[in-house]
There are 2 protein chains.
Amino acid sequence: MARARIVDPEEGPRSKRGAILVAAVERFGEDGYENTKWSEVADRVGIGQTALYHYFESKAHCLLTIMRLELQRSHDQFVEATKDETEPVEELRAAVRTAFAVTEQEIRQMRILQANMSLLATPRKSKREETERVAARQLVQMVERDWTNLLMRGMSKGAYPVRDAHTLGLAVLGMIVSVWRWYRPSGAIPLSEISEMIEGCVVRMVAE
Amino acid sequence: MARARIVDPEEGPRSKRGAILVAAVERFGEDGYENTKWSEVADRVGIGQTALYHYFESKAHCLLTIMRLELQRSHDQFVEATKDETEPVEELRAAVRTAFAVTEQEIRQMRILQANMSLLATPRKSKREETERVAARQLVQMVERDWTNLLMRGMSKGAYPVRDAHTLGLAVLGMIVSVWRWYRPSGAIPLSEISEMIEGCVVRMVAE
DNA sequence: AAGCAACCTGAGTTCAGTTCAGTTTGACTG
DNA sequence: CAGTCAAACTGAACTGAACTCAGGTTGCTT
């Protein structure tokens with residue numbers, strides 16, 4: 001599986017870019033982006049604050065990079081999980097299940113993505129930030145299209161009743177990602193149970 | 001209908017508290033909280049920046065107040081819309097429909113609420129901010145309980161299949177509020193159509 | 001061992017949010 | 001209708017976290 005990893009093997013051996021991203025995911029994911037001091041990330045990596053600017057133009061640039069990587073991962077995983085399925089309802093189930101087949105680090109990344117989604121709406125002043133923002137926006141649209149296309153395939157095969165596939169796709173996606181706002185690994189309900197519950201909901205929503 | 005209004009009639013006639021909240025809802029709703037300068041709100045109201053601190057302890061205190069008022073309104077409207085319904089599926093439909101029976105100002109408030117929900121997770125340093133935060137948190141739980149109770153009533157009456165009402169409630173609520181992340185009044189799809197689509201989805205999710 | 005690019009730093013700057021130390025306004029009282 | 005008081009307001013100063021600058025260090029390459 002060619003996942004977009006936080007640690008990029010293209011980096012020089014001395015580079016702390018991956019370590020910064022990992023630390024930032026942990027801090028932004030646990031305490032929130034605004035609640036986390038940029039210097040805390042530096043402390044955790046073991047470098048001075050200003051060294052961060054060797055890798056990222058700004059705190060926001062780091063955040064946008066995390067968001068873009070997570071979106072890339074989500075998209076890749078969707079494609080991977082649905083590419084072999086031909087039966088529409090099974091394809092739908094596989095897509096939901098893969099959305100919840102995530103590590104704890106990926107859960108944090110999802111949480112960061114969801115909590116800061118509105119950042120993608122307005123242009124950024126600096127060039128590198130804007131590049132990441134636009135890339136992330138396009139990936140959002142790509143993920144939305146992944147779902148819309150899956151739904152349209154099922155509808156044209158007669159497996160699901162015909163409805164507005166775009167709006168339905170947004171509703172399905174909205175329900176799935178809303179889980180990352182409240183789910184915590186320490187919570188009472190295991191993720192597997194949530195996944196099954198949502199899978200059932202999505203199938204009823206789409207296929208009945 | 002005893003809605004929680006932004007303009008509190010308890011205020012003195014010279015008070016600009018309501019005007020500040022209205023201006024803040026507009027700016028925070030259009031450009032986002034972080035993107036809006038606190039002084040811009042003062043400009044819009046026609047007072048100096050420091051005068052804001054006569055009404056709110058901080059920018060965050062104003063935001064938390066907006067969020068609390070919106071949650072209060074959502075809860076009140078839910079109760080109002082469902083109190084006369086006895087037939088479970090009709091009650092469910094009424095609850096969804098009322099969630100989308102909102103003015104443009106209320107749409108902005110929903111957007112602000114959704115975009116800054118994570119603010120409610122961590123304690124605030126100052127007293128008045130913390131009071132608003134705790135009140136808002138309790139209202140979140142109250143809205144979640146509104147949905148959970150509605151679902152449990154329907155299940156015990158045999159109108160819906162028995163499922164984990166809490167998780168199902170969060171899924172339904174998550175899908176509904178996710179609309180405010182992307183919906184814009186200027187968009188291609190009218191809100192009435194979205195409302196009908198979601199209503200159908202919720203009924204299939206819950207009652208089938 | 002020289003060169004050089006990647007990597008790093010302490011000191012200083014910026015700017016939005018906030019505090020301070022009062023001043024103005026206007027309703028009400030005697 | 002002068003005096004009082006709380007609500008409403010203000011300009012100037014302060015704060016802290018993000019960021020810039022002007023270099024210094026490290027270690028790989030030739």
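Every chain is numbered from 1 and lettered A, B, ... according to where its sequence line falls, protein lines coming before strand lines. Values reported hereafter were calculated over all heavy atoms of this structure, with side chains retained and with hydrogens, waters and symmetry mates removed.
- Straight-line distance from the CD atom of A/Glu57 to the C1' atom of D/dC19: 11 Å, rounded to whole Å.
- Heavy-atom distances under 4.0 Å link DNA chain D to no residue of residues 114-136 of chain A.
- When rounded to the nearest whole Å, the span between CZ of B/Phe56 and C1' of D/dA7 equals 16 Å.
- Look at B/Lys83 and B/Glu80 and you find a salt bridge, because one of the NZ, NE, NH1 or NH2 atoms lies within 4.0 Å of a carboxylate O, short of that distance.
- One N or O on the side chain of B/Thr148 and one on the backbone of B/Glu144 form a donor-acceptor pair closer than 3.5 Å.
- Here B/Glu130 does not pair with B/Lys127 in a salt bridge; the nearest charged N to carboxylate O distance is not below 4.0 Å.
- Here A/Glu129 pairs with A/Glu57, A/Ser58, A/Ala60, A/His61, A/Leu64, A/Arg124, A/Ser126 under the side chain to side chain contact (heavy atoms under 4.5 Å, CB included) rule; sequence neighbours left out.
- Under 4.0 Å is where a charged nitrogen must lie from a carboxylate oxygen, and between B/Arg93 and B/Glu85 no such pair does.
- Side-chain atoms of A/Asp31 never come within 3.5 Å of backbone atoms of A/Arg27 as a donor-acceptor pair (strictly under, hydrogens ignored).
- Taking the side chain as every heavy atom from C-beta outward, A/Ser178 and B/Met175 never approach each other to under 4.5 Å.
- Put simply, the side chain of A/Gln72 never gets that close to the backbone of A/Leu69: no donor and acceptor are under 3.5 Å apart.
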Under 3.5 Å between N/O atoms: give me all the protein pairs with nucleotides 27-29 of chain D, atom names plus distance.
none

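- Contact annotation for B/Tyr53: base contact, defined as any heavy-atom pair under 4.0 Å involving a base atom.
- Between A/Trp147 and A/Phe78, the ring-plane angle classifies as perpendicular under the 30° and 60° cut-offs.
- For B/Arg128 (side chain) and B/Phe56 (main-chain N/O), no donor-acceptor pair under 3.5 Å exists by modelled atom type.
- Between D/dC9 and B/His54, no contact under 4.0 Å exists linking OP1 or OP2 to a side-chain N or O.
- A/Thr98 is linked by a side chain to side chain contact (heavy atoms under 4.5 Å, CB included) to A/Gln77, A/Ala81, counting only residues two or more places apart in sequence or in another chain.
- Interface residues of residues 29-52 of chain B facing DNA chain D, ordered by number: B/Ile47, B/Gly48, B/Thr50, B/Ala51; criterion, heavy-atom separation under 4.0 Å.
- At a threshold of 4.0 Å, the pair B/Arg153-B/Glu91 counts as salt-bridged, since one of the basic side-chain nitrogens sits closer than that to a carboxylate oxygen.
- Remark: side-chain polar atoms of B/Lys59 are paired, donor with acceptor, to backbone N or O of B/Tyr33 under 3.5 angstrom.
- Note that the first and last nucleotides of DNA chain C, 5' to 3', having any atom under 4.0 angstrom from a heavy atom of chain A are C/dA6 to C/dA11.
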